[in-house]
Amino acid sequence: GVIANGSVALICLILLLILAWNYIKLLLEAAERYIMLGILVFTAPMAFAMGASRSTSNIFKSWCRMLASQLFLLIMNAWCLKLFVNMVGEFLANPLGI
């Protein structure tokens, strides 16, 4: 009885730590994407200047692809963070409900 409760508590603690670590990593990744998006917006005038010439138009196209991909990844990170917070809230409200 007591040993089983202690081992279950230890397993729950380990799983909670793993979950918290992954959540922190996701938060850091979202922050990294946000900073990268800021840098891309800051370099936008230079990228648009590259689009004016045929010899440098590939640089502009690459910048546009990178901006679009960073926006997409930032939206996906925000969606996953919101989903995680909602799921944890639902679990805490009704832990044994399925």
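Counting begins at 1 with the first residue of the sequence. Just so it is clear, the structure is predicted and the values come from calculations on it, not from any experiment.
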Nearest-0.5 Å distance, CD1 of residue I35 to CG of residue L40: 12.5 Å
Linked, directly or transitively: L10 and L17 (ILVMFWY side chains, under 4.5 Å): no
Smallest separation among heavy atoms of L37 and L74, with atom names: CD2-CD2, 3.8 Å
ring-ring contact (aromatic ring centres under 6.0 Å, His included): pairs with one or both residues in residues 49-69, sequence neighbours excluded: F48-F60, F48-W63
Fellow cluster residues of W21, listed by chain then number, with links counted only when side-chain atoms sit under 4.5 Å apart: none
Side-chain touch L27/N77, heavy atoms, less than 4.5 angstrom: no
Value rounded to 0.5 Å, distance of CD1 in I24 from CG in L19: 10.5 Å
Side chain to side chain donor-acceptor pair (under 3.5 Å) partners of residues 45-55, not counting sequence neighbours, each pair once: S53-S55
Common cluster, V8/L16, ILVMFWY with side-chain heavy-atom separation under 4.5 Å: no
Hydrophobic cluster partners of I11 (side-chain heavy atoms under 4.5 Å): L15
Under the side-chain contact (heavy atoms from CB on, under 4.5 Å) test, residues paired with S57 that sit two or more places apart: none
pair L26-N22: side-chain heavy atoms closer than 4.5 Å: no
Verify same cluster id: M76, Y34 (apolar side-chain graph, 4.5 Å): no
CG on L73 to CD on E32, rounded to 0.5 Å: 10.0 Å
Carboxylate-amine/guanidinium contact E29 R33, below 4.0 Å: yes
Residue M46 excluded, over 12 heavy atoms near CE under 6.0 Å: no
Any residue meeting ring pair (Phe, Tyr, Trp, His ring centres under 6.0 Å) with F72, in chain and number order, not counting sequence neighbours: none
From CD1 (I39) to CG (L67), nearest 0.5 Å: 12.5 Å
Interatomic distance, S62 atom OG to M50 atom CE [nearest 0.5 angstrom]: 11.5 Å
Point-to-point distance, once rounded to the nearest 0.5 Å, from CD of Q70 to CD1 of I75: 11.5 Å
Co-membership, hydrophobic cluster, residues M36 and L28, 4.5 Å side-chain: no
L81 and Y23, any side-chain heavy atoms less than 4.5 Å apart: yes
